[in-house]
Amino acid sequence: MIDCEEHPTADASPEALSSVFATIAAVEYQALYRKYRPQRFDSIIGQSHVTDTLAREVQEGRVAHAYLFAGPRGTGKTTTARILAKALNCTNLGEDGEPCNTCTSCVSVTEGSSLDVIELDAASHNSVDDIRDIRVSVTTVASVGGAKRVFILDEAHMLSKAAGNALLKTLEEPPAHVHFVLATTEPYKLLDTIRSRSQRFDFHNVAVEVLAGYLDQISQSQGFEVEPPALTSVARHARGSVRDALSLLEQVAALGDGSVGVRGVNRALGLADSEVYADLARAVVQQDARAAIEMVAALSAEGVDLRRFVTEGIAFFRGVFLAHYAPNLAEVADEPADVLDEWTKVSKELPASDVLRAVDHLADALLRLREGREERLMVEITLLKLTRPETAGDPASMAARIDKLEQRVRRLGTAPPATTRASASAGSDAIDEDVEKAEASTPAPMSGERPLIELPDEPMPAEQKPTEPAGSDQPPAEESTLEAARQPIADLTLGQIESVWPALVAGVRDELGPRRQALFREASPGDVDGSTVTLNLPDHLSFHLEQLQADDLVKQIVEDRAAELLGGAVRIQFRSGSRAEDGEAQSEKNESSPNKHELLETPSVPTDPDALVEGLLGGQVIEEVVEDD
């Protein structure tokens with residue numbers, strides 16, 4: 001604050017007014033990333049591999065004529081270039097190659113008024129004429145004897161091809177007192193000839209822990225009241241960019257009136273609480289669709305950015321996936337210990353298949369959201385597919401439904417199945433009814449899980465004996481299931497084959513391979529005799545028929561898959577479709593078809609044009625007019 005009594009403006013002399021305005025300019029607010037811009041090599045965080053090398057080169061006098069600084073935004077490329085320029089012109093250079101920041105040259109570089117440090121933006125200086133001006137400036141001597149001229153070209157990848165070629169000669173052989181520093185976030189867009197003439201340094205994203213510690217120092221200097229988890233959250237969402245982290249810290253501090261908390265970070269970024277993602281994983285495990293839908297409603301009411309929620313959800317399930325397969329999780333993921341513990345805890349409850357399915361569905365939802373779809377609807381549909389796999393038809397959801405049903409079958413133990421289902425795709429209503437019957441026959445009721453996909457029950461052998469007491473010797477349930485699957489089906493019907501045919505064709509597609517699948521897809525159910533199923537092929541596909549009849553592997557694969565779907569062993573044979581036609585039906589068809597010879601021999605009947613006009617147009621002959629020749 002400026003004391004008005006100490007700096008009166010009324011009836012003040014011009015000198016007094018100048019003093020007041022200078023004081024106001026001195027206390028003018030600066031953004032944190034500008035206020036705390038590093039002024040020494042050792043002040044730059046997370047880039048020691050670059051700063052140590054440059055400081056040593058300056059100290060030993062082995063500075064290259066051109067440098068290329070490449071890396072993500074906000075990692076210190078331009079700042080490092082300015083410090084390098086400051087060190088090259090410092091009159092009191094330290095023994096470690098650090099600038100003093102007190103001499104006239106250092107102060108002028110810090111204030112941006114140095115005549116020997118020219119900083120250009122390649123986005124607006126990307127033409128040949130601009131490069132020509134640079135070449136003219138290169139020939140100019142430094143403002144002070146013995147000083148170095150440093151040209152900093154930011155966003156160098158924006159140079160046009162012609163401008164880049166025009167810069168090559170100057171960049172390759174500049175005067176002894178000239179140094180170039182090219183900074184870019186996309187080095188692959190630069191010409192190869194430019195990259196080969198420069199000494200390249202790659203800047204990396206700053207680690208979360210390092211960035212959080214730096215934010216803590218800035219917060220203490222600013223007098224902010226901070227919560228360590230809030231700083232970690234800020235550092236994580238800055239994605240390694242120091243400038244983004246400081247901007248976000250400043251925004252959160254302004255929102256919280258000098259207080260930086262987790263809730264403030266979530267409000268500023270539109271984030272959901274970290275517990276929400278664990279609750280989502282729990283809903284997926286329990287298949288609780290209601291909890292998932294209520295979660296979306298609560299997030300919308302709190303003003304959470306649903307698109308960011310989906311993005312963070314993908315990152316969360318990625319971490320759970322890493323916890324499944326990476327024993328050295330702390331080395332693979334750059335996250336705090338509490339986050340890693342949460343991932344590990346969830347991975348013990350959520351199978352890896354469900355984790356991958358969650359990542360796929362959330363990624364698809366993110367693509368749809370970027371297309372401008374209705375956000376809440378897309379998120380609700382996605383979470384519904386995650387918690388209820390029966391609502392999705394993708395292979396991953398089908399596999400999840402099969403796994404759930406297999407677990408249910410194992411828990412049923414040795415209890416006899418209720419009925420034999422003929423189809424694996426007859427509908428979810430029939431599945432629920434059959435499974436409820438099976439559950440009713442078991443001594444212990446099942447939990448509240450719903451069956452997710454229908455699989456056929458094993459057929460009950462005719463000579464099956466009643467269930468013996470628990471102490472009797474009985475084969476395990478899985479062995480009984482396999483034994484039942486090897487029993488041939490005595491009362492198989494064509495309707496049962498046709499009902500499971502789509503599932504059968506889909507099930508053998510991958511096992512058959514492209515060539516065999518191309519042959520097999522032409523077949524269709526034709527006849528059933530006991531447990532023997534005859535598949536017909538059209539008459540004109542004799543080659544397909546010969547190949548299928550000669551390939552025993554096709555028969556084996558189809559028979560195994562059909563046994564799984566029907567609950568018993570079947571035998572497959574192929575034949576031409578002409579053999580399956582009924583003789584009487586063919587004779588009736590022949591009798592009903594006209595003979596072409598009879599059509600040709602039928603005498604033609606002359607057509608009356610008047611009658612034709614009357615019949616088609618509804619006309620009537622009023623008067624016949626005969627024209628004279």
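For the numbers below, each heavy atom of this structure counts, side chains included, while hydrogens, waters and symmetry mates do not. Residues take their numbers from the sequence shown, with the count starting at 1.
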Taking NZ, NE, NH1 and NH2 as the nitrogens, is one of them in [X] or [Y] under 4.0 Å from a carboxylate oxygen of the other?
| X | Y | value |
| --- | --- | --- |
| Glu335 | Arg236 | yes |
| Asp130 | Arg132 | no |
| Arg307 | Asp305 | no |
| Arg308 | Glu312 | no |
| Asp360 | Arg357 | no |
| Arg82 | Glu119 | yes |
| Glu186 | Lys189 | yes |
| Glu57 | Arg62 | no |
| Lys345 | Glu349 | no |

Is there a donor-acceptor pair closer than 3.5 Å between any side-chain N or O of [X] and the backbone N or O of [Y]?
| X | Y | answer |
| --- | --- | --- |
| Asn328 | Glu331 | no |
| Gln59 | Glu95 | yes |
| Asn165 | Lys161 | yes |
| Arg195 | Leu190 | yes |
| Gln39 | Arg37 | yes |
| Gln199 | Leu68 | no |
| Thr75 | Pro72 | yes |
| Arg368 | Glu374 | no |
| Ser137 | Asp133 | yes |
| Ser347 | Thr344 | yes |

> Do the side chains of Tyr67 and Leu54 get nearer than 4.5 Å, heavy atoms only?
Replying inline: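 Yes, side chains in contact.
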If you round to the nearest 0.5 Å, how far is [atom2] of [Y] from [atom1] of [X]?
| X | Y | atom1 | atom2 | answer |
| --- | --- | --- | --- | --- |
| Leu215 | Glu250 | CG | CD | 12.0 Å |
| Lys86 | Cys106 | NZ | SG | 6.0 Å |
| Arg263 | Leu255 | CZ | CG | 10.0 Å |
| Asn126 | Asp129 | CG | CG | 11.0 Å |
| Leu168 | Ser196 | CG | OG | 8.0 Å |
| Phe317 | Asp354 | CZ | CG | 9.0 Å |

> Where does the angle between the aromatic ring planes of Tyr277 and Phe309 fall among parallel (under 30°), tilted (30 to 60°) and perpendicular (over 60°)?
Replying inline: parallel
> Going through the checks in order, is the side chain to side chain contact (heavy atoms under 4.5 Å, CB included) test met by Ser300 and Leu306?
Replying inline: CA-CA 7 Å; Ser300 299; Leu306 294 181; 3.8 Å; yes
> Of the options Leu120, Asp121, Leu171, which is the one that meets Leu153 in a side-chain contact (heavy atoms from CB on, under 4.5 Å)?
Replying inline: Leu120
> Which one of Thr382, Leu383, Leu384, Leu356 satisfies the side-chain contact (heavy atoms from CB on, under 4.5 Å) criterion with His361?
Replying inline: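 The single option meeting the side-chain contact (heavy atoms from CB on, under 4.5 Å) with His361 is Thr382.
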> Checking side chain to side chain contact (heavy atoms under 4.5 Å, CB included) for the pair Tyr33/Ser247: CA distance, chi angles, key distance, verdict?
Replying inline: CA-CA 7 Å; Tyr33 76 88; Ser247 300; 4.0 Å; yes
> Going by the ring pair (Phe, Tyr, Trp, His ring centres under 6.0 Å) test, which pairs reach into residues 178-198, not counting sequence neighbours?
Replying inline: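 Sorted pair list: Phe151-Phe180.
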>> Please check if the number of heavy atoms outside Arg376 that lie under 6.0 Å from its CZ is greater than 12.
In response: yes
> How about Asp257: does its CG atom have over 12 heavy atoms from other parts shown lying under 6.0 Å from it?
Replying inline: no
>> Is the distance from the ring center of Tyr325 to that of Phe321 below 6.0 Å?
In response: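 Under 6.0 Å, so yes.
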>> Holding to salt bridge (Lys or Arg N to Asp or Glu O under 4.0 Å), I want the full list of residues that pass it with Asp244, two or more places apart in sequence or in another chain.
In response: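 For Asp244 the salt bridge (Lys or Arg N to Asp or Glu O under 4.0 Å) partners, ignoring immediate neighbours, are Arg73.
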>> What I want to check is whether the side chains of Asn89 and Asp116 have a donor and an acceptor closer together than 3.5 Å.
In response: no
> Are Tyr36 and Gln222 linked by a side-chain donor-acceptor pair shorter than 3.5 Å?
Replying inline: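 Present: a donor and an acceptor within the cut-off.
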>> What verdict does the side chain to side chain contact (heavy atoms under 4.5 Å, CB included) test give for Asn101 and Val107, after you've listed the backbone C-alpha separation in whole Å, the side-chain angles of each residue and the deciding distance to 0.1 Å?
In response: CA-CA 6 Å; Asn101 288 318; Val107 172; over 6 Å; no
